[in-house]
Participant: 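Take a look at the following structure, please.
Both ligands and their constituent atoms are indexed starting at 1 by order of listing.
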Amino acid sequence: MPKILTLPGLIDVHTHLREPGATQKEDFESGTKAAIAGGYTAILDMPNNPIPTISEEALKQKIKLATGRIYSDLGFHFGATPANYPVFEKIKDKVFGLKVYMNYTTGDLLMEDMNALEEVFSKWPKGKVIMVHAEGETLKKAVNLAKKYHQRLHVCHISLKKEIEAVKQAKKEGLDISCEVSCHHLFLNSDDVKRLGPFGCMRPPLSSKEDQQALWDNLDYIDMIASDHAPHTRQEKETPGKIVNGVPGLETSLPILLTAVAEGKLTIDRLIQLTNKNPRRIFKIPEQADTEIEVDLNEQYTINHKQLFTKCKWTPFEGMEVQGKVKKVVLRGKTVFDQGRVIGPYGQVIFPEMV
Ligand code: NCD
Ligand code: ZN
Ligand code: ZN
Ligand code: ZN
């Protein structure tokens with residue numbers, strides 16, 4: 001028997017749509033179709049493209065390329081470099097957050113120099129989010145910078161016990177800090193690396209069972225679940241001698257989370273907080289009127305790459321049995337997903353709510 005439940009559209013603050021510059025992996029059309037099919041009605045795109053979003057021109061280019069072609073709503077983050085703080089004031093109202101890459105990952109935006117980091121943290125407009133890719137010990141550096149310059153810090157893809165402990169500590173001290181966790185770090189661990197090969201490689205890497213358990217044990221301190229949808233082609237993933245980091249996630253996160261609900265690991269209310277309410281509040285995402293999704297809490301199926309809209313057409317969750325299926329998505333009163341079909345494009349480029 002179907003058990004249909006209506007939920008608010010999911011919001012993802014951490015997506016890599018790869019356009020411009022790497023559209024063999026994903027583009028605005030395929031990526032926002034994947035979002036809609038996965039139950040996401042608004043997503044935020046990361047700046048680490050081959051042509052990175054680090055200038056006013058690059059941002060305008062993304063907005064222009066996306067306009068009229070997107071199926072979900074789509075907003076953008078800006079990338080920090082050691083030299084681009086003079087444009088912060090000009091772009092601040094158009095982007096949701098400033099992304100600072102403090103460890104090595106896909107793209108060319110690594111920033112390790114302390115003077116440059118101080119510059120960025122001191123110049124970013126107060127009250128707007130600074131998002132960090134800061135793993136392990138590096139996270140302490142980010143927390144100290146946020147403290148020193150009274151900045152709002154958002155920690156991307158927490159994966160280690162010591163990271164969630166550091167966030168917990170900073171929250172107890174009253175720091176304005178939030179964090180996200182990705183489904184691959186909640187539902188996979190280092191034991192899966194052998195089986196998955198290159199398709200289990202991402203930054204931060206899959207962690208130990210103990211670290212994975214620490215995320216579940218500290219779910220109360222986690223503000224949101226983000227997909228870190230980071231598609232690469234199969235061919236790129238399988239090139240010998242090359243490690244390409246990142247896995248897609250937009251279409252698997254909700255069914256996997258609904259399965260966790262069915263198993264009693266998560267309540268529906270908490271799921272809504274983690275995937276809609278908190279991301280909307282923390283990143284000031286505008287309300288979407290007449291927008292909702294319908295899921296069947298009872299429908300069981302096996303995750304299969306053939307059913308995915310992402311251009312990369314693979315998933316680290318291939319073969320997983322899930323319970324909970326996205327049946328219908330309504331965006332501003334229009335049905336945009338029904339019977340497995342994505343309809344549109346009816347998405348809009350979005351900008352942060354002014355307060
Ligand atoms: C991301 C990518 O490919 O853009 N890769 C990843 O492994 N997570 C970059 C990132 O989020 O660090
Ligand atoms: Zn990252
Ligand atoms: Zn990412
Ligand atoms: Zn196939």
Participant: Between D176 and R152, is there a side-chain N and carboxylate O pair less than 4.0 Å apart?
Facilitator: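 Between R152 and D176 there is a salt bridge, with a charged N closer than 4.0 Å to a carboxylate O.
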Participant: Could you tell me the residue and atom name of the protein heavy atom closest to atom 7 (O) of ligand 1, and the distance to it rounded to 0.1 Å?
Facilitator: R203 N, 2.7 Å
Participant: Closer than 4.0 angstrom, basic N to acidic O: yes or no for E135 and R203?
Facilitator: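 Looking at R203 together with E135, the answer is yes, because their closest N to O distance falls below 4.0 Å.
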Participant: Counting from 1, what ligand 1 atoms have a heavy atom of M202 closer than 4.0 Å?
Facilitator: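 With M202 as reference, the close atoms of ligand 1 come out as 7 (O).
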Participant: With a 4.0 Å cut-off, would you call E19 and K62 a salt bridge?
Facilitator: no
Participant: Suppose we screen for side-chain hydrogen bond (donor to acceptor under 3.5 Å, both in side chains). Which residues come up paired with K334, at least two apart in sequence or across chains?
Facilitator: none
Participant: Run the numbers for me: atoms of ligand 1, each under 4.0 Å from some heavy atom of H133, listed by number.
Facilitator: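 Listed by number with element, the hits are 12 (O).
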Participant: With respect to T105, determine whether any N or O atom, backbone or side chain, lies less than 3.5 Å from an N or O atom of ligand 1.
Facilitator: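 N/O-N/O distance below 3.5 Å exists for this pair.
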Participant: Specify the closest pair of heavy atoms between I158 and V181, including all atoms of both residues, with the distance to one decimal.
Facilitator: O-CG2, 3.5 Å
Participant: Determine, stepwise, if the pair H16 / H229 fulfils ring-ring contact (aromatic ring centres under 6.0 Å, His included).
Facilitator: CA-CA 6 Å; H16 303 267; H229 179 79; 8.5 Å; no
Participant: Please determine if E29 and K33 form a salt bridge, counting it only when a charged side-chain N lies under 4.0 Å from a carboxylate O.
Facilitator: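 Looking at E29 and K33, the cut-off is not met.
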Participant: Check E137 with K162, please: is the shortest side-chain N to carboxylate O separation under 4.0 Å?
Facilitator: yes
Participant: Under 4.0 Å between a side-chain nitrogen and a carboxylate oxygen: does that hold for R332 and D73?
Facilitator: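 Salt bridge between R332 and D73, a charged N being under 4.0 Å from a carboxylate O: yes.
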Participant: Around the Zn ion (ligand 2), how many protein N, O or S atoms are closer than 2.8 Å?
Facilitator: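 The number of such protein atoms is 2.
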Participant: Can we say E299 and K327 salt-bridge, meaning some charged N sits less than 4.0 Å from an Asp/Glu carboxylate O?
Facilitator: yes
Participant: Give the atom numbers and elements of ligand 1 that come within less than 4.0 Å of a heavy atom of N48.
Facilitator: 2 (C), 4 (O), 9 (C)
Participant: Atoms of ligand 1 less than 4.0 Å from T106 heavy atoms?
Facilitator: 1 (C), 2 (C), 3 (O), 4 (O), 5 (N)
Participant: What are the atoms of ligand 1, with element, lying closer than 4.0 Å to any heavy atom of H232?
Facilitator: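 Answer, ordered by atom number: 3 (O).
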Participant: Report yes or no: does a heavy atom of M46 sit under 4.0 Å from some atom of ligand 1?
Facilitator: no
Participant: May I ask whether R18 places a heavy atom under 4.0 Å from ligand 1?
Facilitator: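 True for this residue.
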Participant: For atom 5 (N) of ligand 1, state which one of L109, N245, V247, D228 supplies the nearest heavy atom.
Facilitator: N245
Participant: Using a strict cut-off of less than 4.0 Å between a Lys/Arg side-chain nitrogen and an Asp/Glu carboxylate oxygen, indicate whether K123 and E89 qualify as a salt bridge.
Facilitator: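 A salt bridge is absent here (no side-chain N lies under 4.0 Å from a carboxylate O).
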Participant: Do the side chains of K60 and E57 get close enough for a salt bridge, i.e. N-O under 4.0 angstrom?
Facilitator: no
Participant: Please report whether ligand 1 has a polar contact with A230, defined as an N or O pair separated by less than 3.5 Å (distance criterion only).
Facilitator: no
Participant: Which atoms from ligand 1 have a heavy atom of H14 less than 4.0 Å away?
Facilitator: 11 (O)
